[in-house]
There are 2 protein chains.
Amino acid sequence: MAATIRDVARQAGVGLGTVSRVLNNSPLVSPITRNRVLTAITELRYSPSQIARSFASGKTFTVSAIAPFFTRPSVVERLRGIESQLTISGYSLVVFNVETVARRDACIRNISCHDRSDGVLIMSLTPREDEVLALQEAGTPVVLIDTVAEGISGVRIDDVYGGELAVRHLIDLGHQRIGFAGDSIDEARAFNFTSSRDRHIGYMRALDAAGVVRRPEYQCYGVHGRFEARILTRNLLQLPEPPTAIFAASDTQAMGVLEAARDLGLRVPADLSIIGFDDIDVAEYLGLTTVRQPLFMSGQRGVDLLLRIIGDENLGPQSEVLPIELVMRGTTGSIG
Amino acid sequence: MAATIRDVARQAGVGLGTVSRVLNNSPLVSPITRNRVLTAITELRYSPSQIARSFASGKTFTVSAIAPFFTRPSVVERLRGIESQLTISGYSLVVFNVETVARRDACIRNISCHDRSDGVLIMSLTPREDEVLALQEAGTPVVLIDTVAEGISGVRIDDVYGGELAVRHLIDLGHQRIGFAGDSIDEARAFNFTSSRDRHIGYMRALDAAGVVRRPEYQCYGVHGRFEARILTRNLLQLPEPPTAIFAASDTQAMGVLEAARDLGLRVPADLSIIGFDDIDVAEYLGLTTVRQPLFMSGQRGVDLLLRIIGDENLGPQSEVLPIELVMRGTTGSIG
DNA sequence: GTGGGCAGTGGAACTAGTTCCATAGTAGCA
DNA sequence: TGCTACTATGGAACTAGTTCCACTGCCCAC
């Protein structure tokens, strides 16, 4: 049986409260007493029970993160930022991976029961109005990463602007026939993803601003993934008058577009320019032109914000927008 | 203030124990009483405190996973398997990302204080003898994934055999000048990684078995990563008599070898055959020949084993070896 | 001298569950 | 008509910390 705080108190010949004060670095302990307690702790090889501590103090020093599709490189990079920042503050990270709509709903519902963790980070999944209400009523500190919802704090980028940035770059290179490959609208609605949708809005805005006609047949949507993007854009590239450039809503999808081009024997960028979004790790390897967003930093900032909210319950909803930038590499070029 | 079990008992006009029995689905409650309790629970919108539950029962329904270099695709895939299997059993996953030796040591030391979680999964990091002792003394249920240690349960593959498999494939294709690119020996020793080392042993065995002379200058070691592998193998390929094939200890490193070949204008596989290890997601995309190991499954099996150990403290150390297989794709070919 | 204030300390009460023992009620059976 | 056995139930004790109030000295100011 492990030693308890009472064993330590007895061994050191002091009261319960005194041991607790030593453990919590209270200044209200004389150096002599503190030493007696520390000696007893060593002798008994005492280590305080975190569970009992959480129970008594009501603080768990744990943060939950809900993330969709764990395997996506962008998600991993954000999680890495989260973990690193939490570790610095002495918090633990509990991870929930969401790959189905049912699990999305279950996760968001469960964490409303503000219990096992002091706060929650929700990544890419936008809570619906009723879910926001439940979270607020439960008083759970929440920070969204990569999305926004009325009345909840969040860290994000301007996806619409990012889409504009990408497409303006293609237009600047002389392209007029510009395609778009993004997330399936059904899937996005089911999970309540917004980034592909917003990047698509940016795509349309950039075309409109340049006076380029939007062609519905140039826009395709599929379940997020390399393979789906490959199939869809292959169709698109076999149109009688195919696009000369494609903006993919993510680097993963851009990889599918690259494959489609390879399938059809198109040279990149001579025959087809391709631009992605996120600047994940392999983008550099592939020489992919893309819009970079600070993924690691989004996790760090999300944690900073969450800990601030945990520390001050009265803090109203905060919102932070991170910078993005165009990264020009080898997959985009001026029109042949 | 949230309702407690006592409020529910009062509201339902029953005793404490009865409410607890209802919560834990004990059959020793009459249907009428059970209904009264359930009604009270609904009326008071009661939800039991997980912390209090953990505290009283001594079970946290949480498992910790210590993983080095979170961002490595193989690690992510294993974690995904872990998370998925834990979720099925109603457990939560706390993740610790290890990127420095100091943190490695700290993580392993801390989890010996068997408290916040019911068990621990340690990935790729081999505990040293003193650490094994500390873990055993603390009685913490532990399962290793992707490594072995005397007296601790584990799920792994036969890395030596994997290395043999890879190199025998190259030899079968007619190669005699076969290089090896693996992890830095210093780094591996510091973290206590073993997979690159074992795969290297397999490399040597396969060469010996075929009567091929081992050349020290064909073997290079660098900090795990694409970039380092690229630089190192570029040197190797500029030898007066360069290798015609290279076995990289991981797919990530194989990607670096591919880059090096590209840097020097070598055609793959006509001028240089390349084989990796792991079969991570991008391997298929790149058409990389590799040795596949069941990453997702290793996480699942690790959890199965851990939960079995948690359920039966007397269970001795168990060891499971998962199957591996050669996946032939486009980066290996017979000698030009 | 004496009252106020404060550093230092002890310990009861509290957190919200589980566990287990005692006991009431009741059905089955000789 | 008891005796046994078993179901159903109540509640005290327990888990291991924190929190906070009460109390003792001691110093200093009036």
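Nothing here was measured: the structure is a model prediction, and the numbers come from that model. In what follows, every chain begins at residue 1, and chains take the letters A, B, ... in the order their sequences are listed. Heavy-atom basis, side chains included; hydrogens, waters and symmetry copies ignored.
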Near-strand residues of residues 50-60 of chain A, defined as heavy-atom separation under 4.0 angstrom from DNA chain C: A:Phe55, A:Ala56
Which nucleotide in the set C:dT18, D:dT9, D:dC20 lies at the smallest distance from any side-chain heavy atom of B:Leu16? C:dT18
Both B:Thr33 and A:Thr4 contact DNA chain D. Taking the nearest nucleotide for each, which residue is further toward the 5' end? B:Thr33
Nearest-Å distance for atom pair CZ/P, residues B:Arg10 and D:dG10: 14 Å
May I ask you to say whether B:Arg104 pairs ionically with B:Glu187, meaning some side-chain N is under 4.0 Å from a carboxylate O? no
In whole angstroms, how far is the C1' atom of C:dA16 from the CG atom of B:Asp7? 10 Å
If you look at every strand shown and take non-hydrogen atoms under 4.0 Å, does B:Pro27 touch a base, only sugar-phosphate, or nothing? sugar-phosphate
Distance, rounded to the nearest Å, where B:Asn35 contributes CG and D:dA8 contributes P: 14 Å
Any idea how A:Phe69 and A:Phe191 line up, ring-wise: parallel (<30°), tilted (30 to 60°), or perpendicular (>60°)? perpendicular
Result for 5'-nearest mapping on DNA chain D, choosing between A:Pro48 and A:Arg21, is A:Pro48
Pair A:Arg128 + A:Asp105: basic N to acidic O under 4.0 Å: yes
Using atom CZ of A:Phe61 as one end and atom P of D:dG17 as the other, report the distance to the nearest whole Å. 15 Å
Salt-bridged, B:Glu43 to B:Arg36, with N to O below 4.0 Å? no
Do side-chain atoms of A:Asp118 reach the backbone of A:Phe61 as a donor and acceptor pair under 3.5 angstrom? yes
Polar side-chain atom of A:Asn24 near backbone of A:Ser20 as donor-acceptor pair, under 3.5 Å: yes
Who pairs with A:Asp312 by side-chain contact (heavy atoms from CB on, under 4.5 Å), at least two apart in sequence or on another chain? A:Asn314, A:Leu315
N or O in side chain of B:Thr18 less than 4.0 angstrom from D:dG10 OP1/OP2: yes
Examine the base of C:dG11 for any acceptor or donor lying under 3.5 Å from a partner atom in the side chain of A:Arg6, and report the outcome as yes or no. no
OP1 or OP2 of C:dT18 under 4.0 Å from side-chain N/O of B:Ser20: yes
Among the nucleotides C:dG10, D:dG17, C:dA7, which one has an atom lying closest to any side-chain atom of A:Tyr46? D:dG17
Whole-Å gap separating C1' (C:dG17) and CG (B:Asn24): 9 Å
For residues B:Thr147 and B:Ser124, is any side-chain donor paired with an opposing acceptor at under 3.5 Å? no
For A:Arg34 and C:dG8, what is the distance between atoms CZ and P respectively, to the nearest whole Å? 10 Å
Worked verdict on A:Ser117 versus A:Ser64 for side chain to side chain donor-acceptor pair (under 3.5 Å): CA-CA 6 Å; A:Ser117 54; A:Ser64 300; 2.9 Å; yes
Whole angstroms only, please: what is the CG-P distance between A:Leu28 and D:dT18? 15 Å
Tell me whether the OP1 or OP2 atom of C:dT9 has a side-chain N or O from A:Ser30 closer than 4.0 Å. yes
Let me check the geometry of the helix from C:dG1-D:dC30 to C:dA30-D:dT1. What is the bend angle between the axes at its two ends, five pairs each, to 10°? 50°
What is the separation between atom CD1 on A:Ile5 and atom C1' on D:dT15, rounded to the nearest whole Å? 14 Å
Quick check for you: to the nearest 0.5 Å, what is the distance between A:Met123 atom CE and A:Phe70 atom CZ? 9.5 Å
